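Structure first, then comments.
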Amino acid sequence: MTDVPKDLSEIGKASKKTIFGKKKIRKDGAEGKIVNVEPVEKLQREDRNMWICYSSRDSMNTLKLYESLKSKLEAKEWIFDGCPRGTMYDFYEEYLRPFGALLVKMEREGMLVDRGYLSEIEKIAVAERNLAADKFRKWASKYCPDAKYMNINSDAQILQLFFAGRENRDTPGETLPQSKTFRVPNDQSVAPEGKRTSKFRTIKLCGIVENPEVTFSSSVSLDTLKTWPELPDQDVEEVSLYGTAYEVFGGGKKGKEACHAIAALFETRSIAKLISSFIVPLQEDHISCKEGRIHCSLNINTETGRLSARTPNLQNQPALEKDRYKIRQAFVAAPGNSLVVADYGQLELRILAHLTNCKSMLDAFKAGGDFHSRTAMNMYEHIRDAVHEKKVLLEWHPQPGQEKPPVPLLKDAFGAERRKAKMLNFSIAYGKTAKGLSDDWKVTVDEARDTLKLWYRDRKEVSAWQKRQKELVREKCEVYTLLGRSRHFPNMTHAGSSKKGVERAAINAPVQGSAADVAMCAMLEIERNVRLKELGWRLLLQVHDEVILEGPTESAETARAIVVECMSKPFYGTNILKVELAVDAKCVKSWYAAK
DNA sequence: ATCGCGTGCCAC
DNA sequence: AAACGTGGCACGCGAT
């Protein structure tokens, strides 16, 4: 703890060693250079396209960059939702500089983390991980003794066990050897006969598959292996429910054991991931200062204008079912305080509706209710008929005295169709193709293409808009967000991807970037709100379409209402979009409770 | 020991 | 050739 600065204002004076105690220095050396709590603009990092990069903790020295960029910004026209508004320097003055200042405040504020809770769940997680790991090792070592000491986290070792001697279908010519030696950490302090224990030991792994011909045509990869165990529900003695591994290991009891062992392997890995990525780092001193608050760095350094967060990245904490140890429960309000957690509903889809001016989508949002159900209805005639004949309900708001809906809900009666519609809603903005869908749904490409056509059937404006973005990127090498941020694509290639890849990115960038614009405006609106400030509420974190504030519990409800208002009308108290902005907000004691 | 890179996986 | 966009980061492993 002595290495941790008392507060953030001391950080700038400290050396990298004292700040980051261990070896957490990035390869670009960002941490070490400047850690400054004063707003310092960092503009146009060479390797990024978007206009402004801004951060307190990650800033490099920037006055020079600022001057050179000012002229660059002044030379670029600013088009706000289709209307000329001056230059991008005006945009910078009005939005980005205040936003940057706000990010600095949020970084300083930090989020309170319950480290006692984390250490409790760490014990449980470690025990469960070890249990699963032992289960797998015990099984595998029946076929290959040294598997007892293998590193379950090593892809190479796992692949060697399951695919020894096999040629990789995806990379013809590459064949794994029958057996291979690995150097592994000697965690279990196993001393070879007559020798003292050493830090490493060498093990020899050979194939454990009994009937390799069963899986001969599949590819040598972890993805393939993942599909092997398909475990039946408990107490179901239906052999056919077991997956590939059942056959591969000779069926019967041995086959079942194999399925359970492989499941244990992936369970081990997923628990290990939770421990090493979240539970452990969140407890480390060099991130969390003594008051127990964690200060991540919030950066505007993405291609689309979203924020990114690092050291630690608080934007990828496990959510929902994947959060088996309820990690989000460790993010709490200070005593006497509460959190307001507010998020937009289907923000990117609403943006897409606005940008494309798609009547069907705009109508669906105007009608309210379950958007995915409405999409399913518009896609399938038989569902439309059922709705017209009042055989199913699109959505249902229970009246007092009613316990269940008079007729089935669409999402129950046509669950499969709604799931498809929902997946399409999420995928289309990303540029997903029929091929990708066919893989996901395990149907032919033609069938996937037909389903895609159904989605686009009443959304012609979307295809037209996507076509226009492709033209834009071809003609001007740029596409634009709602507020006029641009994403530049030099030479129609980026990150080594193909022309098609650029087109997908060009379709996605305005949607993702405009959503980021809305989120930024909402945060500025919240920051400008005098009442929230008087009541003592502070923004702590943004996760793309979600914001978290902390303040006194007694005013939590008031604050919640104000936040909803700010987010619904994020453009100086108005909403310039053609769609409503739906906001869901909760007053809670921990992040987990907001689910 | 330390690096750079590839892979996999967490989020929205 | 690839087939879903934007991120951060832990880990293994070969090279230095």
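The basis for the numbers below is simple: all heavy atoms, side chains too, and nothing from hydrogens, waters or symmetry mates. Keep in mind that this is a model prediction, so the values were computed, not measured. Throughout, a chain's letter reflects where its sequence line sits, starting with A, and its residues are numbered from 1.
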Can you check whether any acceptor in the base of B:dC10 is under 3.5 Å from a donor in the side chain of A:Lys273, or vice versa?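 Absent.
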
Would the base of B:dC9 count as contacting A:Arg269 through its side chain, where contact means a donor and an acceptor less than 3.5 Å apart?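 Absent.
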
With A:Glu546, the side-chain contact (heavy atoms from CB on, under 4.5 Å) member among A:Leu541, A:Val341, A:Asp584: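 Option passing the side-chain contact (heavy atoms from CB on, under 4.5 Å) with A:Glu546: A:Val341.
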
When we call it a touch if two heavy atoms are under 4.0 Å apart, what does [X] touch: a base, just sugar-phosphate, or nothing?
X	result
A:Lys500	nothing
A:Arg504	sugar-phosphate
A:Gln315	sugar-phosphate
A:Asn316	base
A:Glu546	nothing

Close residues, residues 419-437 of chain A, relative to DNA chain C [heavy-atom separation under 4.0 Å]: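 Heavy-atom cutoff 4.0 Å gives A:Tyr430, A:Gly431, A:Lys432, A:Thr433, A:Lys435, A:Gly436.
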
Heavy-atom check, side chain of A:Asp370 versus side chain of A:Arg418, under 4.5 Å: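 A:Asp370 vs A:Arg418: side chains touch.
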
Identify which nucleotide among B:dC12, B:dC10, C:dA10 has an atom closest to any side-chain atom of A:Pro318, counting heavy atoms from C-beta outward.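 Nearest nucleotide to the side chain: B:dC10.
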
Closest to the A:Phe278 side chain: B:dC10, B:dA11, C:dT6?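 Closest of the options to the side chain of A:Phe278: B:dC10.
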
Taking the C1' atom of each, how far is B:dC10 from C:dA3, in whole Å?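 Comparing C1' positions in B:dC10 and C:dA3 gives a spacing of 23 Å.
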
How far does the P atom of C:dA2 sit from the matching atom of B:dG6, given to the nearest Å?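 Result for the P pair: 14 Å, nearest Å.
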
Quantified as the angle between the terminal helix axes (five pairs each), what is the overall bend of the helix from B:dA1-C:dT16 to B:dC12-C:dG5 to 10 degrees?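 Computed from the C1' atoms at both ends, the axes differ by 20°.
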
Phosphate-side-chain proximity, A:Arg487 and C:dT6, N/O vs OP1/OP2 below 4.0 Å: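 Looking at the OP1 and OP2 atoms of C:dT6, one of them is under 4.0 Å from a side-chain N or O of A:Arg487.
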
How would you summarise protein contacts on nucleotides 11-16 of chain C per nucleotide, using B for base, S for sugar-phosphate only and - for none, with heavy-atom distances below 4.0 Å? SSS---

